[in-house]
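For reference, the structure is listed below as structure tokens.
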Amino acid sequence: MSEDRENRTPNFIRNIIEEDLASGKWDGRVQTRFPPEPNGYLHIGHGKAICLNFSLAEEFGGKCNLRFDDTNPVKEEDEYVQSIIEDVKWLGFDLGDTIFYASDYFQQMADFAIDLIRKGLAYVDDLTADQIREYRGTLTEAGKESPFRNRSVEENLDLFQRMKNGEFPDGTKVLRAKIDMASGNINMRDPVMYRILHASHHRTGDTWCIYPMYDWAHGLEDSIERITHSICTLEFEDHRPLYDWYLDALETYHPQQIEFARLNLAYTIMSKRRLLQLVKEKHVNGWDDPRMPTLSGMRRRGYTPESIRTFAERIGVAKRDSMVDMALLEFCIREHLNAVAPRYMAVLDPLKVKIVNYEGNGEFLECINNPEKPEAGSRKVPFSGELYIEREDFREDPPPKFYRLAPGREVRLRYAYFITCVDVIKENGRITELHCTYDPQTRGGDAPDGRKVKSTLHWVSARHAIPAEIRLYDRLFNVPDPSNADGDFLDHLNPDSLQTTQGYLEPALQECRTGDRVQFERKGYFCLDPDSAEGRPVFNRTVTLRDTWAKIEQKQSGD
RNA sequence: UGGGGCGUCGCCAAGUGGAAAGGCACGGGGUUUUGGUCCCCGCAUACGGAGGUUCGAAUCCUUCCGCCCCAGCCA
């Protein structure tokens with residue numbers, strides 16, 4: 001753990017906490033929080049925030065609260081709170097025994113509002129939403145004060161009470177803080193604290209018909225929970241003066257708000273609104289579609305919590321807007337899966353091979369389960385005279401540097417025999433089968449005479465093969481920054497982001513259970529999808545292996 | 001033309017006056033029954049530009065340039 005800490009790159013937030021600990025600012029406490037609104041599924045950007053807040057607490061012996069910022073019933077649903085709890089737990093952080101809800105503080109917030117009214121710092125406004133907008137002014141011109149701004153404390157108290165009691169229809173009145181209509185910071189131009197919303201809340205039902213606005217609610221939530229460091233994203237920087245103003249005016253416990261840059265990942269989007277649109281309009285198959293940057297999608301795709309946590313650690317935390325390469329995420333998942341995923345053989349795009357001099361009825365060959373993990377042991381894989389290999393592993397007319405099978409060429413079948421291609425069978429110009437000879441002396445994959453081959457191919461015995469659906473994923477969009485590209489972001493969806501193939505698996509793969517992650521040798525890491533049926537497995541490709549040959553070939557076609 | 005931020009290698013990111021960490025990517029080499037993994041090596045005389053202060057500046061000052069956010073009764 002302490003070694004862990006030394007390996008971490010310093011960041012400005014950790015520095016602030018260390019200084020606070022040194023000066024005794026919060027009596028040595030570190031209390032953070034992750035405050036999602038339950039209006040959608042969590043994505044990898046939230047993952048960054050979760051890792052940040054929980055890791056900081058963990059590192060300094062503090063606590064991090066999972067708190068639902070459920071102040072807007074019209075957008076929030078219980079389905080989302082359940083998914084968020086599942087995702088945070090999945091990432092592996094300790095939630096303690098309490099999950100917090102802003103809605104549990106509605107009464108306290110209303111009491112605080114009465115305090116503010118009594119201090120003459122809040123008033124009920126009868127202006128319409130349109131009028132409030134007009135009165136707010138613009139970025140360069142000051143706003144003007146509402147004619148209702150100077151109502152008496154008594155009148156405000158009465159009106160606010162009646163708002164709470166449900167005497168007024170939606171939109172007819174709001175409670176506002178009395179700050180400064182001429183402030184350069186628009187957030188300070190008498191911000192709305194409460195609006196009337198006769199809407200049923202997923203937790204409080206119809207108890208309330210007024211709901212607090214974010215700025216008013218959030219600082220109070222932090223204050224009530226005795227948060228020390230309230231970490232949020234950059235766009236809330238302008239809100240900090242208001243956060244501070246409310247807490248100062250109330251003369252109550254006052255955490256420090258700190259802002260960092262949210263995550264942007266190339267070739268995908270991180271906007272909940274747009275993600276929701278992809279789901280609603282069926283551009284993807286639900287929030288957990290493996291192409292989605294949601295935590296549930298990544299989980300289904302085969303990402304591990306560990307890989308996401310190391311990713312979050314490696315991208316760092318800073319204040320500048322940035323766009324992280326997919327390559328780093330992929331590196332993180334490969335790194336973890338390389339260490340833990342058992343190896344199997346599976347052919348994604350089958351080409352039949354007949355071993356013309358093979359006379360036996362078949363046999364079992366010993367295969368290592370994970371060369372990175374000797375304790376994973378080995379298994380027996382059936383071999384026979386009819387096999388499938390990968391279509392792309394054969395070239396009738398091999399280009400330079402292509403080491404795989406070709407007419408007259410000898411290669412190794414992994415853990416099996418050397419084979420040599422002696423004939424190519426075609427139908428209407430398409431290769432349908434290869435005839436090969438094998439060398440019985442090379443059983444297991446080594447030639448007693450010491451001769452070498454330039455490549456090793458994976459294979460599956462045709463007679464024993466299990467047919468499977470394999471889903472190959474590519475980036476969801478074909479531009480790095482779809483949200484800021486020309487036209488609608490939907491115009492940039494990658495039409496080939498999902499390709500389905502029918503392949504063959506070695507029999508041992510039958511034992512996989514939903515969610516199991518494996519390596520298909522030479523092809524990548526795969527994960528058994530919940531769509532699988534008995535005898536009809538469906539595998540998702542999490543990520544390919546690094547592919548040096550693909551790079552060489554691409555370079556060749558480039559010149 | 002208001003307010004708030006940010007500019008260090010292709011992508012992230014340390015560094016807070018003593019002289020450019022690290023990771024990814026990329027290139028080269030070695031090992032290898034996964035063209036995987038692993039291991040070596042290389043990769044910013046340079047920190048948005050220009051001035052200035054200083055023995056010394058990415059770090060301080062001036063000025064210019066560029067990018068991001070804010071005018072919801074959303075969060």
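First the proteins, then the strands, lettered A, B, ... as listed; each starts at 1. Keep in mind the model is a prediction, meaning the values are calculated, not measured. When reading the values below, keep in mind they use all heavy atoms of this one structure, side chains included, and skip hydrogens, waters and symmetry mates.
For U34(B), the OP1/OP2 oxygens have no side-chain nitrogen or oxygen of Ser455(A) closer than 4.0 Å. The side chain of Arg136(A) contributes an N or O atom lying less than 4.0 Å from OP1 or OP2 of C73(B). Look at Arg320(A) and you'll find a side-chain N or O under 4.0 angstrom from OP1 or OP2 of U8(B). One finds no side-chain N or O of Lys452(A) lying less than 4.0 angstrom from the OP1 or OP2 phosphate oxygen of U32(B). In terms of phosphate contacts, Arg273(A) brings no side-chain nitrogen or oxygen within less than 4.0 Å of OP1 or OP2 of A75(B). Contact annotation: Arg314(A) side-chain N/O to A13(B) OP1/OP2 distance is not under 4.0 Å. The phosphate of C26(B) has OP1 or OP2 within less than 4.0 Å of a side-chain N or O from Lys551(A). Considering only side-chain N and O atoms, Asn15(A) lies under 4.0 angstrom from the phosphate OP1 or OP2 of G15(B).
Across U1(B), C69(B), C24(B), the shortest atom-to-atom separation from the side chain of Leu328(A) is found for C24(B). Distances were taken from every side-chain heavy atom of Glu37(A) (C-beta onward) to each of G35(B), C74(B), U34(B); the shortest belongs to C74(B). Listed nucleotides: U37(B), U34(B), A71(B). Nearest to the side chain of Arg133(A): A71(B). Of the candidate nucleotides G35(B), G36(B), A75(B), G35(B) has the atom nearest to the side chain of Lys401(A). Across C69(B), C24(B), U34(B), the shortest atom-to-atom separation from the side chain of Glu235(A) is found for C69(B). With G4(B), A75(B), U34(B) as the candidates, the nucleotide lying closest to the side chain of Arg414(A) is U34(B). Nearest nucleotide to the side chain of Asn11(A), out of C74(B), A14(B), C12(B): A14(B). Of all nucleotides listed (U37(B), C24(B), U34(B)), C24(B) comes nearest to the side chain of Ala327(A). In the set C73(B), U34(B), A14(B), the nucleotide with an atom closest to the side chain of Ala318(A) is A14(B).
Heavy atoms of Thr71(A) sit under 4.0 angstrom from primed sugar atoms or phosphate atoms, though from no base atom. Using a 4.0 Å heavy-atom distance criterion, Pro371(A) is classed as a base contact. Phe402(A) comes within 4.0 angstrom of a nucleotide base, judged by non-hydrogen atoms across all strands. If you check every strand for non-hydrogen atoms under 4.0 Å, Arg546(A) touches sugar and phosphate atoms only. Counting any heavy atom pair closer than 4.0 Å across all strands shown, Thr548(A) reaches sugar-phosphate atoms only and no base atom. Nucleic acid contact class of Leu337(A) (heavy atoms, under 4.0 Å, all strands): none. Using a 4.0 Å heavy-atom distance criterion, Phe331(A) is classed as a sugar-phosphate-only contact. Residue contacts shown for Pro212(A) are limited to sugar-phosphate atoms, with no base heavy atom under 4.0 Å away. Using a 4.0 Å heavy-atom distance criterion, Met323(A) is classed as a sugar-phosphate-only contact. Note on His458(A): nothing from the nucleic acid sits closer than 4.0 angstrom, heavy atoms only. In this structure, Leu139(A) reaches the bases: a heavy-atom distance under 4.0 Å links it to at least one base atom across the strands shown. The residue Asp69(A) sits close only to the backbone: its heavy atoms come under 4.0 Å of sugar-phosphate atoms, none of a base. If you check every strand for non-hydrogen atoms under 4.0 Å, Leu197(A) touches nothing. At a threshold of 4.0 angstrom between heavy atoms, the contacts of Val453(A) with the nucleic acid are absent.
Consecutive pairing runs in RNA chain B reach the stem threshold at B:2-7 with B:65-70, B:10-12 with B:22-24, B:26-30 with B:38-42, B:48-52 with B:60-64, where a stem means at least three Watson-Crick or G-U wobble pairs with distances under 3.5 Å.
Tested against Phe539(A), the residues Phe526(A), Tyr504(A), Phe520(A) include a single ring-ring contact (aromatic ring centres under 6.0 Å, His included) partner, Phe520(A).
The closest side-chain donor-acceptor pair between Tyr525(A) and Arg517(A), if any, does not fall under 3.5 angstrom. Residues Glu366(A) and Ser378(A) bring a donor and an acceptor atom of their side chains to less than 3.5 Å of each other. A donor-acceptor contact under 3.5 angstrom links the side chains of Ser230(A) and Arg33(A), judged on distance only.
Taking Asn39(A) as the reference, Glu37(A), Lys75(A), Glu76(A), Lys272(A) meet the side chain to side chain contact (heavy atoms under 4.5 Å, CB included) condition, with sequence neighbours excluded.
No side-chain heavy atom of Leu197(A) sits under 4.5 Å from any side-chain heavy atom of Ile210(A).
Residue order along RNA chain B, read from the 5' end via each residue's closest nucleotide, puts Glu237(A) first among Glu237(A) and Val192(A). Toward the 5′ end of RNA chain B lies the nearest nucleotide of Gly316(A), the other residue of the pair Gly316(A) and Ile132(A) mapping further downstream.
For a distance-only test at 3.5 Å, the side chain of Glu313(A) fails to qualify as a donor-acceptor partner of the base of G23(B). On a pure distance criterion of 3.5 Å, no polar donor-acceptor pair joins the side chain of Asp547(A) and the base of G35(B). Put simply, the side chain of Arg334(A) and the base of U37(B) share no donor and acceptor less than 3.5 Å apart.
Residues from residues 159-177 of chain A that place a heavy atom under 4.0 Å from any atom of RNA chain B, listed by number: Gly171(A), Val174(A).
In this structure, Tyr214(A) does not count as stacked on the base of A75(B) under the 5.5 Å centre distance and 30° plane angle limits.
At whole-Å resolution of the value, CD1 in Ile552(A) and C1' in C26(B) are 15 Å apart. Remark: P of A71(B) and CG of Asp190(A) are 16 Å apart, rounded to the nearest angstrom. Rounded to a whole Å, the CZ atom of Arg404(A) is 12 Å from the C1' atom of G36(B).
Between Trp208(A) and Phe106(A), the angle of the ring planes goes over 60°, which puts this pair in the perpendicular group of the 30/60° scheme. Using a 30° and 60° split on the angle between ring planes, Phe34(A) and His46(A) fall in the perpendicular class, above 60°. Classified by interplanar angle (parallel below 30°, tilted 30° to 60°, perpendicular above 60°), the ring pair Tyr211(A)/His201(A) is parallel. Between Tyr41(A) and Trp287(A), the two ring planes are parallel [angle under 30°; tilted spans 30° to 60°].
A 6.0 Å sphere centred on CZ of Arg379(A) holds more than 12 heavy atoms belonging to other residues, nucleotides or ligands. Within a 6.0 Å sphere centred on CG of Asn15(A), heavy atoms belonging to other residues, nucleotides or ligands number more than 12.
Because its glycosidic torsion is within 90° of 0, G72(B) is reported here as syn.
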task: With salt bridge (charged side-chain N to carboxylate O under 4.0 Å, His left out) as the test, would you mind laying out the steps for Glu237(A) and Lys319(A) before giving the verdict?
output: CA-CA 11 Å; Glu237(A) 213 146 17; Lys319(A) 294 196 71 155; 2.3 Å; yes
